[in-house]
Amino acid sequence: MNTEPHQTPDDQGATADPEGAPASVPTEQERVRAETVRRLERSMGALGTAAVARMEQRLGWFRRMSAEDRSWIGLVAQSGVAAFVDWFRNPVRGRPAITVEVFGTAPRELTRSVSLQQTVDMIRVVIDVVEGQVEELAAPGGAQQLREAVLRYTREVAFSSAKVYARAAEARGAWDARLEALIVDALLHGDQEDGLQTWGSALSWSHTPVVAVAGEVGDDDGGKVLDDLRSAARRLGHDVLAGMQGRRVVVVIGVGDRYPAQDLPAAAAEPLAGLFGSGPVVVGPAVPDLRSAGA
């Protein structure tokens, strides 16, 4: 007599967890992804190194950088590959946290050395390296899956790069505005310390002679008047600092050699005069440097 327990179709080929419920069996797609992840993990170091080598070949700006900045960019490339592998392992997390995982490895000052366009070029090189090895990196049957993931990740990195640079620009813009207001205030209070020239250099001030112009805002919006004056002065090729003192607008411009000396300061101030509010516009004499503009 056969005493072995009878097996139902549900019992055959299935495993059970301690609770007695059938364990989930990975799908073919999940098995392919897991194998691709293992291959990617084994290749992360080589991919990062290959990306840096490709940058050396293709990007002239990268070759001209200091060894320290090239080292930081190499770390960013390595982090980008590692973050991609981590996201590819578990894509159900949604959008990858690229900003921190990739760009968090580099100092914020790197955004001053590398422009947004150069960052896009760098990302393109890294992705090209990965895409060029998709057939070798992907498990059998997983090449299309990996290629689609690379394309999605590329898009996310591009968006994250733009956000990093936008935040850096916003922070610099806020700091520049505070520094500009500080310089104008110091000039109005007769401060002639050497630090003024250094502060001006931080705002890319380089032109001399210097002319100061002051006028009233009137009923206009002060912020708009300042913006219009800055824009007009820069279109003329001047260095410009502008600030508000109550309803009074003070503009200091570095005019360079645009006008003959005998035509200064009126020739420099005349194109800006119509942008002030109603009332007189007062123009100071042309002086040799920023420190002397307060007079």
Side-chain angles (χ1 to χ4, degrees), residues 109 111-119 162 165-189 191-192 194-295:
E109 291 77 9
T111 58
R112 293 182 181 269
S113 304
V114 182
S115 69
L116 177 57
Q117 181 57 54
Q118 289 170 336
T119 302
Y165 278 83
R167 282 197 295 268
E170 183 178 359
R172 283 198 299 271
W175 167 249
D176 288 353
R178 288 194 294 270
L179 185 56
E180 183 177 2
L182 182 63
I183 293 173
V184 172
D185 187 66
L187 290 173
L188 288 171
H189 286 83
D191 191 340
Q192 296 188 5
D194 292 338
L196 280 176
Q197 204 68 35
T198 302
W199 295 346
S201 297
L203 296 175
S204 301
W205 183 282
S206 60
H207 290 160
T208 58
V210 178
V211 174
V213 186
E216 297 291 328
V217 173
D219 296 329
D220 298 325
D221 176 78
K224 184 179 184 304
V225 171
L226 284 178
D227 289 342
D228 290 345
L229 285 165
R230 290 190 188 101
S231 297
R234 286 168 182 150
R235 283 197 300 270
L236 292 169
H238 302 328
D239 291 335
V240 57
L241 299 169
M244 294 280 297
Q245 294 288 321
R247 301 299 295 172
R248 180 176 299 145
V249 181
V250 179
V251 182
V252 182
I253 52 177
V255 299
D257 57 2
R258 185 178 182 88
Y259 307 102
Q262 65 270 20
D263 294 338
L264 288 174
E270 194 273 335
L272 306 178
L275 298 175
F276 289 88
S278 59
V281 175
V282 181
V283 184
V287 294
D289 54 47
L290 185 60
R291 288 188 302 164
S292 306

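Counting all heavy atoms, side chain and backbone alike, Phe276 lies closest to Ala214 at CE2-C, 4.0 Å. Here the closest heavy-atom approach between residue Pro209 and residue Leu264 is recorded as CG-CD1, 3.6 Å. The nearest pair of heavy atoms linking Gly284 to Val211 is O-CG1, 3.9 Å. Between Leu272 and Ala233, the shortest heavy-atom distance links the atoms CD2-N, 3.9 Å. Minimum interatomic distance between Val225 and Leu275 (heavy atoms only, all atoms of both residues): CG1-O, 3.7 Å. Between Leu236 and Pro271, the closest heavy-atom pair is CD1-CB, 3.8 Å.
Residues Arg248 and Val217 have side chains not in contact (no heavy-atom distance under 4.5 Å, counting atoms from C-beta outward). Side-chain contact between Val210 and Val252 is present, with at least one heavy-atom pair separated by less than 4.5 Å.
Salt-bridge annotation for Lys224 and Asp227: absent, with no side-chain N of the basic residue lying under 4.0 Å from a carboxylate O of the acidic one.
Heavy atoms of other residues, nucleotides or ligands lying less than 6.0 angstrom from CZ of Arg230 number more than 12.
In terms of the side-chain contact (heavy atoms from CB on, under 4.5 Å) criterion, residue partners of Pro260 (sequence neighbours excluded) are, by chain and number, Gln262, Asp263. Applying the side chain to side chain donor-acceptor pair (under 3.5 Å) criterion to Asp239, with sequence neighbours excluded, gives no partner residue.
Sorted by first then second residue, the salt bridge (Lys or Arg N to Asp or Glu O under 4.0 Å) pairs that include residues 266-282, not counting sequence neighbours, number zero.
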